[in-house]
There are 6 protein chains.
Amino acid sequence: MIALPRLEAIVDRALEEDLAGGDLTTEAMVSPDARAIGRAIARMPMVACGADVFARVFTRLDPGARVERLKADGETAAPDEVLWIVEGQAHAILMGERVALNFVQRLSGIATLTREYVTAIPPGCSTRITDTRKTTPGLRALERYAVRSGGGRNHRDALGAGVLIKDNHIAMAGGVRQAIEAARAHVPHTCRIEIEVESMAELDEALGARADIVMLDNFAVEQVGEAVRRVGGRAIVEVSGGVGVERIAELGRLGVDVISVGAITHSAGAVDISLEIEGIG
Amino acid sequence: MIALPRLEAIVDRALEEDLAGGDLTTEAMVSPDARAIGRAIARMPMVACGADVFARVFTRLDPGARVERLKADGETAAPDEVLWIVEGQAHAILMGERVALNFVQRLSGIATLTREYVTAIPPGCSTRITDTRKTTPGLRALERYAVRSGGGRNHRDALGAGVLIKDNHIAMAGGVRQAIEAARAHVPHTCRIEIEVESMAELDEALGARADIVMLDNFAVEQVGEAVRRVGGRAIVEVSGGVGVERIAELGRLGVDVISVGAITHSAGAVDISLEIEGIG
Amino acid sequence: MIALPRLEAIVDRALEEDLAGGDLTTEAMVSPDARAIGRAIARMPMVACGADVFARVFTRLDPGARVERLKADGETAAPDEVLWIVEGQAHAILMGERVALNFVQRLSGIATLTREYVTAIPPGCSTRITDTRKTTPGLRALERYAVRSGGGRNHRDALGAGVLIKDNHIAMAGGVRQAIEAARAHVPHTCRIEIEVESMAELDEALGARADIVMLDNFAVEQVGEAVRRVGGRAIVEVSGGVGVERIAELGRLGVDVISVGAITHSAGAVDISLEIEGIG
Amino acid sequence: MIALPRLEAIVDRALEEDLAGGDLTTEAMVSPDARAIGRAIARMPMVACGADVFARVFTRLDPGARVERLKADGETAAPDEVLWIVEGQAHAILMGERVALNFVQRLSGIATLTREYVTAIPPGCSTRITDTRKTTPGLRALERYAVRSGGGRNHRDALGAGVLIKDNHIAMAGGVRQAIEAARAHVPHTCRIEIEVESMAELDEALGARADIVMLDNFAVEQVGEAVRRVGGRAIVEVSGGVGVERIAELGRLGVDVISVGAITHSAGAVDISLEIEGIG
Amino acid sequence: MIALPRLEAIVDRALEEDLAGGDLTTEAMVSPDARAIGRAIARMPMVACGADVFARVFTRLDPGARVERLKADGETAAPDEVLWIVEGQAHAILMGERVALNFVQRLSGIATLTREYVTAIPPGCSTRITDTRKTTPGLRALERYAVRSGGGRNHRDALGAGVLIKDNHIAMAGGVRQAIEAARAHVPHTCRIEIEVESMAELDEALGARADIVMLDNFAVEQVGEAVRRVGGRAIVEVSGGVGVERIAELGRLGVDVISVGAITHSAGAVDISLEIEGIG
Amino acid sequence: MIALPRLEAIVDRALEEDLAGGDLTTEAMVSPDARAIGRAIARMPMVACGADVFARVFTRLDPGARVERLKADGETAAPDEVLWIVEGQAHAILMGERVALNFVQRLSGIATLTREYVTAIPPGCSTRITDTRKTTPGLRALERYAVRSGGGRNHRDALGAGVLIKDNHIAMAGGVRQAIEAARAHVPHTCRIEIEVESMAELDEALGARADIVMLDNFAVEQVGEAVRRVGGRAIVEVSGGVGVERIAELGRLGVDVISVGAITHSAGAVDISLEIEGIG
C-alpha cells in the first residue's frame, strides 16, 4: 500500500499526538501483562480501507501484536461485519484504539464515497473518477490510496508530478498558446500538458496549441457535449468543479474521459467503525 | 493561536507533500520576479478560521509576503466576503494556494459546524459543546483551535491530559469502584476522574465512588433527565454518542453540563473558499 | 513504561549525539564479530529505574542483543547488586555503554531521591509527593516515569494538561475571582482549577470562587496548619516551594494533600552504576 | 555559543514537550495583545550561563521579543542580581518561562560547579579541569559550553572525536601495546592516543608504546606523584574517577595535566533563578 | 529555485554534519565579534550554480549576513571571476565555508557538464538532454535544478511522478502490450506512458499498444535511425544508456527527441571554487 | 559499518525522495504477492563497498527480504562478478533498485579511487592517504567508510573533531605562534594541533610553537623534501592540495606522513553496477 518508512512516519506522528504524555487511564488500572483482543466492526455499510495503518498502529506499540485481516482494502462490508482483528498487550490495544480508528474511519469513508461515484458510471462508459489535490495536509498518500481502494483513480500527486495550467497561469503567461508552449518547453516530457478552459474559444485555442488534456471548468451539460465533439479525440477531456454524484451518469454518457471530484477527499466524513475489546486469559 | 514551532512544523510537512518536486506549471511560465495579490473569498456562509495558517503558508514560501486579515477567527462571513488577503511573489502565492486552502477550508468547516451546535443551546442553559479525540491524525491542535473559534470547548487533548474510564477499563479493573479508586490513586491530582456509564446502576456506583464526571453513554432522553436528577450536582454530567444538532436543545434544557460531539471534527467537511489571484505591477 | 515510538526517538537522539562520527577506539581494535556480556551494577544503595531505556540503547545498535532484567523499575538495589545484563555484539555494548549509563544513572537518581521523600511521609498520612515541570528539556516523559518508580506521583505533564493560576496570571486577569472564572469558562471540564495563593486573604478568595486546588506558596508551617483548617475539605491543598525532605513529616501530619518538589527532578544527581563488560566465546 | 540550527532544534523540542497542547491557563485569561517584561534574577551566588538559550526560547514564541543581557556567560552573579531581561508578548513570556528556566538553571549550575573546581587549582599550576561524556542525553553541546563558561575545558566530544582505550578495549585488543598500535594505525592522525592504565606496569607499557595521553584510573595520591615522575613529560597525564574538589589542589601540585570530572555535568544540580514578570502598557 | 522549507532542511542537515561539535579552531582563536568578507571565486571555466544554497548556509549561521550574487545560476564564469560575495560574522563565514563549497562545487559541476552536452546538440535540432534518477541520495531536488541551470531538462522526478516500464516490469506484466495497458488503466491520466524497448520487435509492439514514449535501450546508431523512422512521430523517442558527449550530435541529427544522461549527475565531479576570506573592520 | 539509527535515517530520506508518491509503474502491473531475486553485478573492475546500505534499502521496504553478501566491503570485483544478492517481494526490489544503486555506485566509486591512491604508495613507505571534509552533504559518514574500505584513512570528521589552523585563522589570531597557543589553550587535550603553512618561514614558526602536525600547502616537490628534513620528526608532515595519483610515489619516498586527497570523495564518480532482477516462483 504505502512504503513502510512513510507509513511509519505518519503513524508515529499520530501516536505522538495522542500518547506523548502516556495514557493516564490505562496505566492507572490495567496490568502491563494483561492481553486483549480487539475486533474492528463496521457499523454501517462501507468499503473497507486501511488495514495496513490499523496493523501498524498496534505493532508500533506492541511489536508482538498480531493482526488478522478479514476484509481486504476495497472490499465492501455490511453492518456488524468484522473488518480486522488485533491481538496483543491490552495496553497497546487500549492506547492505540482511537488513533487506529481515526485513520480507518477516514480512509474507509473516502473509499466508500468514491465507490458511490464509480458505481454511478453507466456500463460501457470508460469515464474515470479521480481525486484532486484537495486532501488532508499530511495524509495525501493515504487518501490517494483510499481513492484507489474505492475504485477511483488518482490525478497528479503534487505540483511537481504533473502540469495543470489554470486561469492565473494563463494570465501571467500571456495567453493560452504561450502557456502551453512554455509548459512544453520546460516540463519533463513524461508529463501530459493539461489546461483548464472556461469557454469554447479557449478550448479551441488549447486544441490549436496541442494541449494533451483539457479541463472544462464549470461548463453546462450541453456545453460539455459540444466540447467533447469539438475535441474529437485530439485530447483527453476532464470535467471538474463541484460535480455531484447525480451528474456522473450523464457526463459519462457524453463521453467525458475524466471527472475529478474534490469532494471524495475533502468532504467524505468518517464512517462508523468501532473496536470491540475483550481481555483474554 | 498555536505556538509557532508547532505551526511551522505542520505547515512545512504540508508544503513538503505538495512541493517536494517543485511546481512544474508555475516554474515553466511565471517569472520569479512577478508579484501577485490573492484574496481568500467565502463562497458560502461560514465561520472563518485559520488566519495564522493561511499567513504561515505564504510567508514560509516568501518571507516578505504580507497578509491582511479582514475576518478574525470566529467571525462569520457571508458569501463573497473577503476573508484574508496576501500579497507577495507570484510564485509563492501560486505554489501555496492549494495547501493554504486545504487548511482553512477544513478549519472553517469545523468552526462553522461547531457554531451550529453552539447556537442550538437554548438561552440560559450553561451546557457546553465539546470536541472529542476523533480528530484528523496530525492536525489535532489546529482542529481543537477551530472548535474554540466556533464557540465550542475542548475535551481532554490526549490520553495523557485527562482520565476517561470506559467499559473496557472497568472490565479490566474489576468494576466501577475499583477503576475509580485506581484512577484517584495514580493520576495527577489536577485531573478530574471521568467515567462512562451505561445504566442507572453503574451511575449510582460511580457516584458512590465519587466520580467527578459521569458520561452517559447512549442514554435515551428520558433516562438522561432521570440521570441528571439522580446526580443532583454531585458530578458533572456529560452526554456523548452520536448526538445530532436537533437533540441539543432538549439535552440543554434537561440540565446536561457537557455534550461531546465527535462529528464536529470527524465529519465537518470542507467549506468553500477560493483564492482569487491577480498579477500586480 | 514509555510508548515505543517516543522512547525510540529519545534513544536515537542520544546515540546520534555520541556516535555520529562512529567510535574510533572500538572500531580500531575490536572485531565486528566479537561478542560480549555487560552487567550493570549498582555502586551505592539505590532505587533502580530505566530497564527499558537500557535495553533499547543496546537493541538499537544490535537488534539481536538480549537483555535480562534482574531488578524491576522501582526495586531497591544494594551496592554491588546486578541490575540488568546485556549480551550481544561487543561493538554494540562498547558503543552504547556511556549512553545507556547516562540515562539510567539519572533516572535511578530521580527514583532514589523521590523514594526518600515518599518514605518520610508518616504512616497513615495520605499526602502524596509529586514532581513539577522542572524537568530536563527533552527528557520529561522519562523523568516523570522515574518519579513514579520512586513512589511519587506526577503533577500536570505540560501547560496543556492542567491549569495552574500563578501570581502573574492573577495580575493580568484582574484578580483571583476573575482568574478562576476565566479558567472555569475556557478550559476542558476534565481539569481541576488550581491556583497559587500567597496569603490567607487570597486563600479565602480562591475558596469563595470555588477553586479545586489551592497551592500554598511559601507559607510558614503554622500558616499551613491554619490554611488546611480553613479549607476544611473544600479543595485539595498543595504545598510547594523549596520543601526539603526534613519538612515532609510535619506537613503530612498537618493534613496537606500534595507536596510538589522540584528538587526530585532538577537536583537529583546521578547515582553510580557501572557496566562490567566481558568478552565471550 | 552554539550554531543556530542546532540550538533551534534543542529549543523546539523543549517547547514542544511543554506546549504541544497549548497553555490552558494563559490562553484562558490573558489577552493575546498583552505585553510583559520578564527579569531573570539570580537567587544565589552563581556563574551565569545560557543567555542564548534564554533568548531563543522567547524569540521562538514571539519573533518580536527583545532580550537584554546584563550578565555575559561566565560572569558571576550575586543573589538578586538581574541576569537577563526579556520584553514581548505576555503570552510568549508566560509560556516560555518554565522552559527557559529549566535550561538556564541547569547550565548555570554546571558553570558554577565547574568554577569551584577551576578555582581550586593552585596559582601557577597549569592543570586543566575537563568534562567527560557523562552529560545529559540530548544536551551535550549545551553542557560542554557551560563547562567552558565556568572556566573548564572540554574532553573529547563524542566517540568519533577522540580515542580513549579502556580496560575492555585492552582486553579485546590483546594487550596495552596491541591496543595502542591498532589505534595508531587506524584513527585519524589528528587524534592523540589516550589510554587508561590501572597500575605502574600498565603505565610503563603504555609509555613504551608511545601513548600520547595516560589516564590514571583510581590511583592513590602517592601513586599519582610517582606516575607523573615516571612519565617525565613523555605523555600528558590525566587523572579521572570520582575526584572531589578537595583533592584538586594536591593533584595540581603533583603536576597532573588534566583532571576530568564527571560530576560537573552529571551531578551539578540546578541553581535558583526566577523570572519576575510584570505586565506593561 | 528550491522551496524554502526544503532548502532549509537540506542545509541544516549539512551544517549539523560538520558543526554538531562546534568548530574547535575558530572558537579557539577568532573573536565572536570579528567580521569578515568571503568571495567565492571560480578556479576554472564553469557554469555557476547554487547561489541560493550558498546564501542559505551563511544566513543560517548569521541571520544578519548579506550575500551579493555576481553570477546568476546558469551564467558562465571564467577562471578568477568572483561568483558570490558574503559579508557577516567571521565565525559564520569560517564555519560555513566548507559546507557551502561542498554544495556549490557539486552543483556547478553538474551545470557545467550538462552545458557541454547541451552545446553539442546541432543547431536546428530540438533534441533535449535530460537527467535521470541517478542522483545523489538526499540532494535530488538540488541536482535537478543544476541540470536546468546548465540548460538541460528534467526527466521524471521520482517513481510516483512518471511511468517508465522496464524489462522487469514487462516480464512480470506478461508482455509489452499487457504492461502498457495496465499502466494506462491505473496511472494518472496526466502521465505519458513510457516503455523501454530492446529490439525492433518490441518497438513495434509498443507502438501498437500506443505507448507515448519509447526509450531505445542500447540501440546501435543505425538502429536508432531506423527506429526514429519507424516511430514516425507516433511517440516521443528517447535514447538512454551510457551516451557520451561525442555521440550527441549524431543522435540529434537522427531526430531523437530526448537523450537522458545519467552521467551529468552521477559522474559530474566537483568544479574548483575557493572562498577567499578577509577580516574586515 | 555505520551505527544503525544513522544508517536508517540516511536510507529513509533517500527512499522518501524517490517513493513519496509511490511507484506508479510497479503498482500498476506487478502483483503485491510476486517475489523476485536481484543480483548486483559489477560492470567494471572495482572495489566493492556498501553492502549494509544495499541490504538496508531492501529490508526497509520488505522486512522479510534476505540479502547475501558475496563480496565484503573492500574486496575487489572483476566485471560480471556478483556482489550481493537480495531476495524478497518483487515490489520492494523494483522500488528500491535505483536508490540502492545510487548509494553503492557512489560508495564503490570512492573505494575504488582510494585504492588507486593507496596502491601507488611505494612498498616500505608508511605514508597514509586520507580523505578531507570535501564530502557530499548528508553522506559524510558513508563516504568516510568508503575511504576506509578502499584502504585509505580518515582525516578529522568535522570541525568539532580536530584542529586545523588555516591562513584565515592565522591572520585573525595575529600570527602563527598566537594561533597555535590559542588552540593549545582551548581545545581538548585529545586533539593534535595541525597548522597549514605556506612557506619555510611559516614552517619554522610552526615548529617553534610546537605544532603537532604541519600541512604543506602547495609546496613544490623539492620544497617538500626540504620541509621533511627540516621537521626532522618533530611533527607529522601532511601534504595537501590537488595531489594527483601520479605524484603519490614521489611524495611517499620523500617521507611525507600523510597525503590528504579531496578528489577521492568529491570527484570519484559512480562505478557501474547493475541489478539483474528475476521473478521467482
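Letters A, B, ... are given to chains in the order of the sequence lines, protein chains preceding strands, and every chain is numbered from 1. Since we're looking at a predicted model, the values are computed, not measured.
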Inset, instruction - Using only heavy-atom distances, determine whether the side chains of Ser240(F) and Ser260(F) contain a donor-acceptor pair under 3.5 Å. - result: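 Looking only at side-chain atoms, Ser260(F) and Ser240(F) do form a donor-acceptor pair, the distance falling under 3.5 Å.
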
Which of [options] touches chain E most, by non-hydrogen pairs under 4.5 Å:
{"options": "Ile165(F), Thr136(F), Leu19(F), Val187(F)", "value": "Thr136(F)"}
{"options": "Thr135(F), Val99(F), Ile93(F)", "value": "Thr135(F)"}
{"options": "Met172(F), Glu17(F), His186(F)", "value": "Glu17(F)"}
{"options": "Asn168(F), Leu94(F), Ile170(F), Leu164(F)", "value": "Asn168(F)"}
{"options": "Gly279(F), Ala171(F), Ala141(F), Gly162(F)", "value": "Gly162(F)"}

Greatest number of heavy atom pairs closer than 4.5 Å to chain F - which of [options]:
{"options": "Ala268(E), Ala20(E), Gly22(E), Ala14(E)", "answer": "Gly22(E)"}
{"options": "Glu181(E), Glu194(E), Lys134(E), His266(E)", "answer": "Lys134(E)"}
{"options": "Gly109(E), Ala270(E), Gly21(E)", "answer": "Ala270(E)"}
{"options": "Ala158(E), Ser31(E), Ala90(E)", "answer": "Ala158(E)"}
{"options": "Ala179(E), Ala34(E), Ala36(E)", "answer": "Ala179(E)"}
{"options": "Gly242(E), Ala182(E), Pro137(E), Ala161(E)", "answer": "Pro137(E)"}

Inset, instruction - May I ask you to decide whether Arg177(E) forms a salt bridge with Glu205(E), counting only side-chain N to carboxylate O separations under 4.0 Å? - result: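 The answer is no: the pair does not qualify as a salt bridge.
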
Legend entry - Residues Asp18(E) and Arg133(F) bridged, charged N to O under 4.0 Å: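 Result for this pair is yes, salt bridge flagged.
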
Inset, instruction - Walk me through it: do Leu61(E) and Leu15(E) pass the test side chain to side chain contact (heavy atoms under 4.5 Å, CB included)? - result: CA-CA 9 Å; Leu61(E) 295 172; Leu15(E) 291 173; 4.1 Å; yes

Legend entry - Residues that Arg6(F) engages under side-chain hydrogen bond (donor to acceptor under 3.5 Å, both in side chains), provided they are two or more places apart: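 By the side-chain hydrogen bond (donor to acceptor under 3.5 Å, both in side chains) rule, Arg6(F) matches Glu16(C).
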
Legend entry - By side-chain contact (heavy atoms from CB on, under 4.5 Å) - contacts of Glu97(F) (at least two apart):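 Per chain and number, Glu97(F) pairs via side-chain contact (heavy atoms from CB on, under 4.5 Å) with Leu101(F), Leu275(F), Ile277(F).
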
So which part of [X] gets closer than 4.5 Å to some heavy atom of chain E, the side chain, the backbone, both or neither?
{"X": "Asp157(F)", "answer": "backbone"}
{"X": "Ala183(F)", "answer": "both"}
{"X": "Arg43(F)", "answer": "neither"}

Region of [X] in contact with chain F, defined by heavy-atom distances below 4.5 Å:
{"X": "Val163(E)", "result": "both"}
{"X": "Arg13(E)", "result": "side chain"}
{"X": "Arg106(E)", "result": "side chain"}
{"X": "Ala185(E)", "result": "neither"}

Legend entry - Spacing of CG belonging to Leu139(F) relative to CG belonging to Asn102(F), to within rounding of 0.5 Å: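 Atom-to-atom, Leu139(F):CG and Asn102(F):CG are 10.5 Å apart.
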
Inset, instruction - Before giving the answer on side chain to side chain donor-acceptor pair (under 3.5 Å), spell out for Glu27(F) and His91(F) the whole-Å C-alpha distance, their side-chain angles and the decisive distance to 0.1 Å. - result: CA-CA 8 Å; Glu27(F) 289 164 4; His91(F) 267 223; 5.8 Å; no

Inset, instruction - Without swapping roles, check the side chain of Gln105(F) against the backbone of Ile273(F) for a donor-acceptor pair under 3.5 Å. - result: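 Side chain of Gln105(F) to backbone of Ile273(F), a donor-acceptor pair under 3.5 Å: yes, one is there.
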
Inset, instruction - Can you spot which of Asn154(F), Ile110(F), Ile264(F) makes a side-chain contact (heavy atoms from CB on, under 4.5 Å) with Glu143(F)? - result: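 Among the candidates, only Ile110(F) passes.
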
